[in-house]
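As structure tokens, the structure follows; a few thoughts come after it.
Note that these values count all heavy atoms, side chains included, but never hydrogens, waters or copies made by symmetry. Counting starts at 1 for both ligands and their atoms, following the listed order. Predicted model only: the values in this text are computed from it and were never measured.
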Amino acid sequence: MAEENSADVGLIGLAVMGQNLALNMADHGFKVSVYNRTSKVTKDFIDANPNTPGGLVGCENLSDFLAAVKTPRKIVMLVKAGPAVDMVAKQLIEAGLEKEDILVDCGNSQWTDTIRREKEYSDRCRFFGSGVSGGEIGARFGPSLMPGGNGEAWKLLEPIWTAIAAKVDAETGKPIETATPGHPVTGGVACSAYIGENGAGHYVKMIHNGIEYIDMQLIGEAYFLLRNLLQVTAEKLSQIFGRWNEGDLDSYLIEITADILKQRDPEHPEAFLVDYILDSAEQKGTGKWTSINALDLGIPTNSIAEAVFARCLSALKSEREAASRHLTGPVYRYDGDRNELIKAVHDALYCSKICAYAQGFQLMRAAEAEYGWKLDFASIASIWRGGCIIRARFLQKITDAYTRDSRLVNLLLDPYFKEQIQNNQTRWRSVVALAAQAGVAAPAFMSALAYYDGYRSAQLPANLLQAQRDYFGAHTYERIDQPRGVHCHLDWSKPDRPQIKIAH
Ligand code: NBP
């Protein structure tokens with residue numbers, strides 16, 4: 001049995017994320033008590049990692065696991081999101097978890113579940129939720145961490161979170177990516193900051209993932225347009241993405257795209273792997289949750305929803321194959337300037353990305369009011385600069401924007417982003433027009449542009465829509481010559497009758 005009360009932290013769930021996060025903690029000198037439901041996994045993990053700086057304590061049952069950790073205990077869960085989290089929480093409570101102990105769910109749980117769990121377990125432990133992004137490499141060498149829950153509990157967790165998080169350079173905001181096993185990054189600014197009460201951390205992680213969906217979709221559309229219009233190989237496209245990664249689009253996702261595109265197919269070495277991968281996307285739900293939440297709050301995150309629907313459409317592979325034999329479109333051959341097209345697609349991608357982030361941050365602004373949080377948008381953008389999947393040079397610009405004005409209504413109104421779209425929108429529009437002309441699906445480019453044009457329009461056709469609603473359903477309308485809140489109704493079958501006015 002492990003020495004009692006000697007570990008700094010306990011970690012339960014030793015699949016890919018749990019193992020890597022435990023090693024990350026141990027690299028930073030924390031002694032970690034670990035447990036996995038299937039004991040062989042624990043044993044193999046301990047055998048494979050005998051000499052970590054902090055030390056690992058493998059436990060075969062939950063009582064030993066809890067006894068090994070210093071009190072008040074900090075217990076980190078990395079089990080499958082969903083019912084397993086409640087099962088494990090209840091088992092830990094039965095095994096002796098105490099009221100002052102902190103139970104941190106680091107999985108991709110729904111933020112509403114985190115709020116529910118914090119309340120449900122409040123007389124048995126301090127339940128806390130922390131978003132973790134960066135996949136297995138991030139977990140191992142520095143993820144982006146989005147902790148949310150009780151503020152007192154956070155004070156106890158903070159030293160560990162700050163130590164294990166990704167680090168960015170204090171001056172440039174660029175990720176410091178030099179960690180190797182046993183040699184973690186020292187110095188720099190940690191990509192971890194307290195987000196807010198109860199489910200705020202998991203909420204912001206959900207938004208991160210929603211943005212990840214649209215980032216990936218936009219890159220996919222850029223790839224698809226260039227491939228179809230220029231008829232070039234994946235390797236050539238890899239070079240284009242590689243160049244883009246040296247400029248404004250510098251990001252992890254563009255970097256891995258350049259890598260992916262040049263990868264040869266192991267089965268057909270003369271071909272590229274990407275051309276052999278089936279075009280049917282899967283999803284785990286966080287983009288859908290973001291879109292549902294946006295609909296609930298009435299916030300137009302068109303592009304994020306479009307990215308989710310684009311995956312849904314891709315998944316109708318056999319239907320699409322059948323339809324492709326019946327439905328016609330234009331026959332188009334691009335004969336314009338090839339470099340100009342590459343530049344235009346770059347600008348379309350950058351402008352669309354700005355709109356997508358504007359939508360994500362607009363949604364978070366609505367959420368903080370609705371759910372009673374106080375979100376620091378500069379801080380959120382800054383902890384996404386390193387460690388996570390959406391990390392990008394661009395996030396320093398968002399950090400700067402919210403540092404200049406913490407109450408910025410919409411990112412599009414920040415002077416930097418305003419100027420970027422002002423300077424690049426002509427090419428963005430030409431790409432959207434070209435996609436329509438050529439019959440190449442580019443739903444995210446198009447929806448981002450529609451969002452931009454809609455957001456900058458003082459006048460939209462909703463006047464007609466309101467008239468229609470009043471016509472068929474007596475839903476009333478407001479008038480431009482009356483104060484807001486005065487609702488009118490016309491009996492459209494007798495239009496010469498005076499309008500009924502109802503002041504609310
Ligand atoms: P999984 O999501 O695949 O979960 C597997 C782990 O959960 C195993 O340790 C398994 O134990 C344990 N588990 C399950 Br399933 N049911 C259990 C139960 N009833 N009681 C106890 N343990 C149970 O692992 P993962 O991919 O490492 O992800 C962990 C969490 O981190 C998830 O919430 C995931 O969404 C989130 N996340 C993952 C990534 C990523 O890139 N993979 C990134 C960010 C966040 P067993 O060995 O006994 O089956």
Legend entry - Shortest protein contact, atom 27 (O) of ligand 1 (heavy atom only): Met17 N, 2.9 Å
Inset, instruction - Please work out whether the ring planes of Trp111 and Tyr371 are parallel, tilted or perpendicular, with thresholds of 30° and 60°. - result: tilted
Inset, instruction - Check the pair Lys353, Asp215 against salt bridge (Lys or Arg N to Asp or Glu O under 4.0 Å), reporting the backbone distance first and the verdict last. - result: CA-CA 7 Å; Lys353 185 176 166 105; Asp215 251 344; 3.2 Å; yes
Inset, instruction - Answer yes or no: does an N/O atom from Ala84 fall short of 3.5 Å to an N/O atom of ligand 1? - result: no
Inset, instruction - Report the nearest protein non-hydrogen atom to atom 9 (O) of ligand 1: residue, atom name, distance rounded to 0.1 Å. - result: Asn36 OD1, 2.7 Å
Legend entry - Check: Thr38 N/O within less than 3.5 Å of ligand 1 N/O: yes
Inset, instruction - Looking only at protein heavy atoms, identify the closest one to atom 41 (O) of ligand 1 and say how far it is in Å. - result: Gly135 CA, 3.4 Å
Legend entry - ligand 1 to Ser133 polar contact by distance, N or O atoms, under 3.5 Å: no
Inset, instruction - Please determine, by modelled atom types, if Asp400 and Gln396 share a side-chain donor-acceptor pair under 3.5 angstrom. - result: yes
Inset, instruction - Would you please say whether a donor-acceptor pair under 3.5 Å links the side chains of Asp414 and Tyr402? - result: no
Legend entry - Met364, CE: over 12 other non-hydrogen atoms inside 6.0 angstrom: yes
Inset, instruction - Decide whether Tyr451 and Glu306 meet the rule of one side-chain donor and one side-chain acceptor closer than 3.5 Å. - result: no
Legend entry - Interfacing atoms of ligand 1 (cut-off 4.0 Å, heavy-atom, Met87): 19 (N)
Legend entry - Residue that, paired with Phe417, satisfies ring pair (Phe, Tyr, Trp, His ring centres under 6.0 Å) out of Phe361, Phe394, Tyr350: Phe394
Legend entry - Lys317 and Glu321 ion-paired at < 4.0 Å: yes
Inset, instruction - Heavy-atom contacts with Leu78 under 4.0 Å: which atoms of ligand 1 show up? List them by number with element. - result: 29 (C), 30 (C), 31 (O)
Inset, instruction - Going by the side chain to side chain donor-acceptor pair (under 3.5 Å) test, name the single residue among Asp105, Asp113, Thr112 that passes it with Ser109. - result: Asp105
Inset, instruction - Kindly identify the option in Ala15, Gly138, Gly18 whose heavy atom sits closest to atom 24 (O) of ligand 1. - result: Ala15
Inset, instruction - Could you name the option among Ile12, Asn108, Val16 that has the heavy atom nearest to atom 33 (O) of ligand 1? - result: Asn108
Legend entry - Ligand-residue contact atoms, ligand 1 with Gly13, heavy atoms, under 4.0 Å: 9 (O)
Inset, instruction - Specify the protein heavy atom at minimum distance from atom 14 (C) of ligand 1: its residue, its atom name, and the distance to 0.1 Å. - result: Arg37 NH2, 3.6 Å
Inset, instruction - Return the residue, atom name and 0.1 Å-rounded distance of the protein heavy atom closest to atom 32 (C) of ligand 1. - result: Val79 O, 3.6 Å
Legend entry - Protein contact to atom 44 (C) of ligand 1 [nearest heavy atom, distance to 0.1 Å]: Val132 O, 3.3 Å
Inset, instruction - Give a yes-or-no answer on whether the side chains of Glu235 and Gln239 include a donor-acceptor pair shorter than 3.5 Å. - result: no
Legend entry - Residue and atom name of the nearest protein heavy atom (relative to atom 2 (O) of ligand 1), distance in Å to one decimal: Lys80 CA, 3.5 Å
Inset, instruction - Examine the proximity of ligand 1 to Val88 and report which part, side chain or backbone, both or neither, has a heavy atom under 4.0 Å away. - result: side chain
